[in-house]
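For reference, positions follow the sequence shown, starting with 1. Since the structure is predicted, the reported quantities are computational estimates derived from the model, not experimental observations. As the structure lists them, so they are numbered: ligands from 1, and atoms in each ligand from 1.
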Amino acid sequence: MTAYREFHRRSIADREGFWDEQARLVHWQKPFSKVLDYSRPPFAKWFVGGQTNLCYNAIDRHLEARGDQKALVWISTEVDAQKTFTYRELHAEVQRAAAMMQALGVKQGDRVVIYMPMIPEAAFAILACARIGAVHSVVFGGFAAASLAARIDDAKPKLMITADGGSRMGKVVLYKSLVDEALRVARHPPEKVLIFRRGLDANMASVAGRDVEWRDLAQKHAGAQVPCAWLESNESSYILYTSGTTGHPKGVQRDVGGHAVALAASMKHLYCGEAGETMFTTSDIGWVVGHSYIIYAPLIAGMTTIMYEGVPVRPDAGIWWKIVQDHKVAVMFSAPTAIRVLKKQDPAYMKKYDLSSLKHLFLAGEPLDEPTHVWITESLGRLVIDHYWQTETGWPLLSAHPGVEKTPLKMGSPSFPCYGYDVRLLHETTGKEVADGEKGVVAIKPPLPPGCMATVWGDDARFVETYFRSFPGQLVYTTFDWGIRDKDGYYFILGRTDDVINVAGHRLGTREIEEAVNMHPNIAECAVVGVADPVKGQMPLAFAVAKTHVEDQKKLEKEVMETVDKQLGAIARPRAVHFVTLLPKTRSGKTLRRSIQALAEGRDPGDLTTIEDPGALQQIKDALR
Ligand code: ATP
Ligand code: MG
């Protein structure tokens, strides 16, 4: 592990030297005068005085060497279509979109809220903002009108871009009518709304003087040439509101230069994505993973990126692997929740396609339990790399570094701290570092590396308060997750700090218990929550999805409890195991444990606007009855 260790050591011991080198991976129109300005902790300014542009790095820089190479491949199994754009074509589309935005009054520094389905125009809009120095804020298409309005009021956009509709599981989702609803209640509505009409909503209403049709405007700007705005490295590139699993959404603000360097470096050291190869990230542009690894990073690296509108099981559970085969995908990025969905399907689908192009599958977003990690590794016959990060960091915080050294993986572990992150595990109350094998709160000693959030949009005080004040007397960034490090230096994430159950004075992470439940061979996935108990304070309660139909629930429940006893001891044994066919999750695939817990304790389940399928909550209610 010497190469990795030395790489990481140097990134902390000689921050400036290390990042100065990484900065050479991107184009600087004007060189920076200082690698890091940390004169106002915890605010870190990277590559001070340097001028660059994200869109230039993602597109223009490649035109000479790979203008005719595919840049963006859009595949929709929802509307059964596919489109390909070379770097040259993408360059033209983005310039046209930029000209359209300028015609609608958008200037450098203005915000543009993008509320769009997974279509190429969404990518054009994002890159066009980057090109002219407008700040995009992409809002995930699953948010309800009130949530969208709250984000609009915080970002105060000059322009909104949307589409008439999207499609999910073959059903039309009306985007524009939801935008109209949000704008009726928003206090800071934009002057203009640009709409890409897909023909999914024949009855789409239009507001005269405000609404503009993409196609009409595009016609007027065919062949437009819009130069890149050269931005100081610390200008804002975008705002992205965190998904809100843990409460009121925060506007994560990202810079330009640090962001470009961090993404370029991650493609080299972590993802091993080479120019000319293809990357397939199964996320959505509304999430941070979509920003970083559908749009920016693969393009900055000169790769072909796949943008997929659809679900993993339609037309059948082989669709992703067909895409890997047909487009010779080298790097793939998905989430544990999707893998658990596939685990319930016929594994033969994975064997049907030629996956020889695939180097690695990366997974992030929530804990990857060991049984699922083993299952997908064996099914694919490829390295499956669990890595851990957040909307706030923009790129991984813990990961294996196959581009630096091929260290062995441990199932269920996202391996080691990424270069640039001084990761500490701190004792919850004393704030002191814990020993190997002891549970601690995952924290980062600032400065945060390039690419991480610069601040909370419009609220520096909230940035410091929210992230850096968990331990009195210490300025450390807390991630709100529990972790443990084994004697070999591997980290394991035990779940969120608010997902801890206190059973008769024993503190147990919900993740640990979920892992134990998942060890039973007939369990596909589960959610464990703590519910108030008059005797023990709290007791774990499990909701599990079985792989096969359960004839005898009592028998399976007993077996699952015995499995937990064996793994963790009787103290962790759930009070009951309820069987459901699906778990309540956000559209980004995160289990809504807080809502389950609220229902179990007879409280209001809270904000459910991003829930994937409300039927899942009904199943929890029925099971509790
Ligand atoms: P919010 O912060 O708004 O409540 P969120 O934390 O779910 O929402 P994200 O930034 O998308 O929003 O998710 C980051 C979190 O996801 C991490 O803090 C961690 O809890 C979890 N996570 C991500 N990757 C992993 C992983 N590989 N293993 C375990 N947990 C992970
Ligand atoms: Mg979070």
Once ring pair (Phe, Tyr, Trp, His ring centres under 6.0 Å) is applied, do any residues pair with F468, and if so which ones, sequence neighbours excluded? F463, Y477
Is there a polar contact, in the sense of an N or O pair closer than 3.5 Å, between G365 and ligand 1? yes
Presence of salt bridge, E525 and K344, under 4.0 angstrom: yes
K590: numbered ligand 1 atoms lying under 4.0 Å from its heavy atoms: 7 (O), 9 (P), 11 (O), 13 (O), 14 (C), 15 (C), 16 (O)
Quick test of your reading of the structure: of E366, E392, R496, whose heavy atom lies closest to atom 7 (O) of ligand 1? R496
Should D488 and K410 count as an ion pair when the cut-off is N to O under 4.0 Å? yes
NZ/NE/NH1/NH2 to OD/OE distance under 4.0 Å, D369 and R340: yes
Any donor-acceptor N or O pair under 3.5 Å, side chains T429, H427: yes
With the threshold set at 4.0 Å, does a side-chain nitrogen-carboxylate oxygen contact exist between R593 and E366? no
Which is it for P414 and ligand 1 at heavy atoms under 4.0 Å: side chain, backbone, both or neither? neither
Short list, please: which atoms of ligand 1 are under 4.0 Å from a heavy atom of W389? 14 (C), 17 (C), 23 (C), 24 (N)
Counting from 1, what ligand 1 atoms have a heavy atom of H387 closer than 4.0 Å? 24 (N), 26 (C), 27 (N)
Distance filter under 4.0 Å to D481 heavy atoms, resulting ligand 1 atoms: 17 (C), 18 (O), 19 (C), 20 (O)
Ligand-residue contact atoms, ligand 1 with I493, heavy atoms, under 4.0 Å: 29 (C), 30 (N)
Donor-acceptor side-chain pairing of K250 and T466 below 3.5 angstrom: no
Under the rule for side-chain hydrogen bond (donor to acceptor under 3.5 Å, both in side chains), what residues qualify as partners of Y4, not counting sequence neighbours? none
If the cut-off is 4.0 Å to any non-hydrogen atom of D386, which atoms of ligand 1 fall inside it? 26 (C), 27 (N)
Minimum non-hydrogen distance to atom 11 (O) of ligand 1, winning option of D369, V288, T391: T391
Does an N or O from T242, backbone or side chain, lie closer than 3.5 Å to an N or O of ligand 1? yes
